[in-house]
Amino acid sequence: MLNPYRTYTCNDLRATQAGETVRLAGWIHNKRDLGGVLFVDLRDHYGITQIVIPPTAAFQDEFAHLPKETVVSVQGQVRPRPEGTVNPNLPTGEIEIDVTGYDKLGGCESLPMNVFPEDHTPEETRLKYRFLDLRRSKLHQTVMLRSRVIASIRRRMIDLGFQEFQTPILTSSSPEGARDFLVPSRLYPGEFYALPQAPQQFKQLLMVSGFDRYFQIAPCFRDEDGRADRTPGEFYQLDVEMSFVTQDDVFAAIEKLMEPLFNEFKPEWPTNARPDKTFQRLAYKESMLRYGTDKPDLRIPVEIKDLTPLFAKSEFKAFAGKTVRAMAIPQAFDQPRSWFDNLQEEAKKLGAPGLAYIKIDANGELTGPIAKFMIGDSATALKELGAKQQSAIFFSADPNETKAAKVLGAMRVKIAEQLGLIEKDVFKFTWIVDYPMYEMNEETKQIEFSHNPFSMPQGGLEALEKQDPLTIHAYQYDLVCNGYEIASGAIRNHVPEIMYKAFALAGHDKTVVDTEFAGMINAFRFGAPPHGGIAPGIDRIIMLLANETNIRDVIAFPMAQNGRDLLMNAPSPVSERQLRDVHLTIRKPVPKV
RNA sequence: GUGCAUGUGGCGAAACGGUAUACGCGCCGUCCUGUCAUGACGGUGGGUGUUACUAGCACCCAUGCGGGUUCGAAUCCCGCCGUGCGCACCA
């Protein structure tokens with residue numbers, strides 16, 4: 001039986017179908033009323049077809065007054081367009097439909113935002129009327145890209161020998177990491193499920209269960225605030241875990257996924273992969289030194305240098321005895337004083353005392369506010385910094401090494417954006433490896449895990465027993481592309497003895513491990529394979545492939561930065577009865593006066 | 001929690017201490033038989049009142065909300081709220 005709404009989609013018809021009687025259904029995309037003849041662009045998911053309502057049609061006037069975005073089904077005959085009126089920009093541009101009748105399937109009221117033309121609209125409106133925003137070709141295409149990327153990832157993972165699993169969404173709260181989303185239990189008053197921040201423990205348990213190679217396109221829930229590259233509340237990871245592997249094996253698997261994936265969807269953008277399609281590696285410490293961050297944007301051709309020894313005994317008190325880092329910025333010489341002043345303000349916002357700089361003029365002479373302190377060795381060294389003439393050198397000095405590095409790292413990106421120094425249309429990947437296992441909490445002076453406490457320390461038990469904890473590296477790694485952390489993972493600590501020792505160094509005794517990670521530590525007692533994995537962020541990968549800078553633009557139904565869903569009105573109050581079912585009373589915060 | 005930016009018609013916006021809503025988009029009306037971001041002309045914030053009621057006129061209100069400075073505030077100041085970006089946070 002014939003479909004009552006359509007016999008073709010709006011992207012199907014070509015000149016070869018001329019003469020056929022057809023039915024098309026879709027949205028009224030645009031109208032061109034020429035007085036006699038009425039042209040209407042009919043749009044569906046697949047494309048646009050021009051339909052023509054002739055002056056002889058009794059319903060022409062009626063049709064002309066249907067608002068844009070009305071849903072109709074039209075019947076008519078396919079005919080080739082007259083000579084000279086073919087539209088080469090439209091796949092269906094050779095033909096048009098001579099309409100003989102129509103049905104109005106869905107009316108449309110006055111629109112709160114334009115679907116076509118796709119003009120600028122505030123994000124709040126776009127989120128509230130997401131179903132309209134999703135009709136616009138930009139977002140519609142991105143969501144389709146997302147679908148194709150995920151399909152490709154799934155196919156590639158299976159081809160690489162991985163199996164797909166599902167893991168619980170209602171699980172238990174885990175003590176480490178971000179805040180959990182909690183789900184109150186009806187059957188157990190006062191007890192809660194938590195939504196998983198990642199299927200971390202489950203995937204490790206699957207390895208202990210002998211499944212060898214796991215993957216899942218997994219939703220992850222974390223109660224943390226949004227950023228341009230981070231949605232609040234929930235996001236998707238390609239969660240991966242492998243047994244009997246080293247770090248190199250995990251890298252090899254992910255490289256076999258990523259490089260071809262990026263190449264499939266953005267073939268015109270070269271990557272910096274080596275000839276054998278592997279990615280470069282950078283030690284965490286090296287990255288902090290050269291780029292001031294553990295997610296360096298390698299598209300920026302600027303590196304930071306350490307000048308600490310040079311100023312150790314300097315007359316210049318602002319630098320003496322502190323960690324001093326510097327970077328040379330080409331093209332910065334000619335910037336106005338206000339530009340340099342602005343950067344100082346930016347640096348101060350990041351907690352730096354300021355942002356010192358000197359300029360190197362056409363004669364290679366040092367100028368600027370602090371140039372007079374740069375004498376002898378330091379002047380020579382600065383010229384050797386690689387600073388070409390007509391450039392500027394920026395300094396960051398702080399008693400705290402990490403802070404000195406991070407300030408300059410942030411300024412490196414900001415300056416590069418302002419001066420257009422970021423290389424375009426290219427993907428620059430790097431692995432970040434050798435993360436420290438522990439770090440010193442400056443406030444409490446306690447040694448803490450710097451990343452995932454389940455990571456295997458490099459050197460194993462021996463390192464934990466004999467080495468200064470702050471010098472121990474973990475088999476912990478990130479994959480970074482164009483300044484975005486797109487994956488994070490580790491070789492796991494699967495040996496209870498090493499686990500207890502690792503926690504002991506961070507000040508947690510055995511009972512903490514036994515109670516808080518009971519499920520996993522118990523499993524490790526019964527024959528656990530060495531294993532490790534990684535979790536690439538799906539949303540960020542799509543962002544890169546779609547060339548978007550706002551992560552909400554690659555998600556069909558995102559929440560606003562404040563964690564609200566403006567379309568569905570979540571979160572929202574629930575009834576007293578629902579609360580009673582789960583044994584909750586509301587404790588409201590004290591209102592501000 | 002916090003820093004910065006921002007908030008004016010359905011939408012993008014203009015006015016930057018002196019007649020708010022210029023201009024554009026959309027929408028409405030009229031005209032046009034080959035357009036395809038159609039074109040031309042006109043209209044388009046809200047309320048109340050009034051008249052000779054397809055229309056006109058008068059008055060009032062409106063620049064996120066509340067207060068303040070000023071002869072006069074969209075504009076300057078204070079507080080609050082919303083949104084965006086950043087920081088804290090993110091095993």
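All values below come from the heavy atoms of this structure, side chains included, with hydrogens, waters and symmetry mates left out. Protein chains get the first letters and strands the later ones, always in sequence-line order, with residue 1 at the start of each.
Among the nucleotides B/rA37, B/rC89, B/rC90, the one closest to the side chain of A/R227 is B/rC89. In this structure, the nucleotide among B/rC85, B/rG84, B/rU35 sitting nearest to the side chain of A/E96 is B/rU35. Closest to the side chain of A/N452, from the set B/rC90, B/rA91, B/rC11, is B/rA91. Closest contact between the side chain of A/N87 and the listed nucleotides B/rG84, B/rC11, B/rC36 involves B/rC36. Set against B/rG34, B/rA91, B/rC85, the side chain of A/R222 has B/rA91 as its closest nucleotide. Among the nucleotides B/rG86, B/rC90, B/rA91, the one closest to the side chain of A/R230 is B/rC90. Listed nucleotides B/rA91, B/rC25, B/rG84 differ in distance to A/Q561; the shortest reach to its side chain belongs to B/rG84. Closest to the side chain of A/F39, from the set B/rA91, B/rC36, B/rG34, is B/rG34.
Anti is the conformation of B/rG29, whose glycosidic angle sits further than 90° from 0.
Two residues are said to be in side-chain contact when any heavy atoms from C-beta on lie closer than 4.5 Å; A/N493 and A/P457 meet this criterion.
The pair A/R130-A/D565 does not meet the salt-bridge criterion, since no charged nitrogen lies less than 4.0 angstrom from a carboxylate oxygen.
Among the heavy atoms of the strands lying under 4.0 Å from A/H65 are primed sugar atoms or P, OP1, OP2 only; no base atom is included. Among the heavy atoms of the strands lying under 4.0 Å from A/E124 are primed sugar atoms or P, OP1, OP2 only; no base atom is included. A/P82 comes within 4.0 angstrom of a base, heavy atoms only. Nucleic acid contact class of A/T85 (heavy atoms, under 4.0 Å, all strands): base. Using a 4.0 Å heavy-atom cutoff across all strands shown, A/A198 reaches at least one base atom of the nucleic acid. A/R126 comes within contact range of no nucleotide atom at all, as no heavy-atom separation falls under 4.0 Å. Residue A/R79 is classed as a base contact, given a heavy-atom separation below 4.0 Å to a base.
With a 6.0 Å radius and a threshold of 12 heavy atoms from other residues, nucleotides or ligands, A/K31 has its NZ atom above the threshold.
The shortest distance between the side-chain N/O atoms of A/H120 and the OP1/OP2 oxygens of B/rA13 is not below 4.0 Å.
Distance, A/D553 CG to B/rG84 P: 12 Å, rounded to whole Å.
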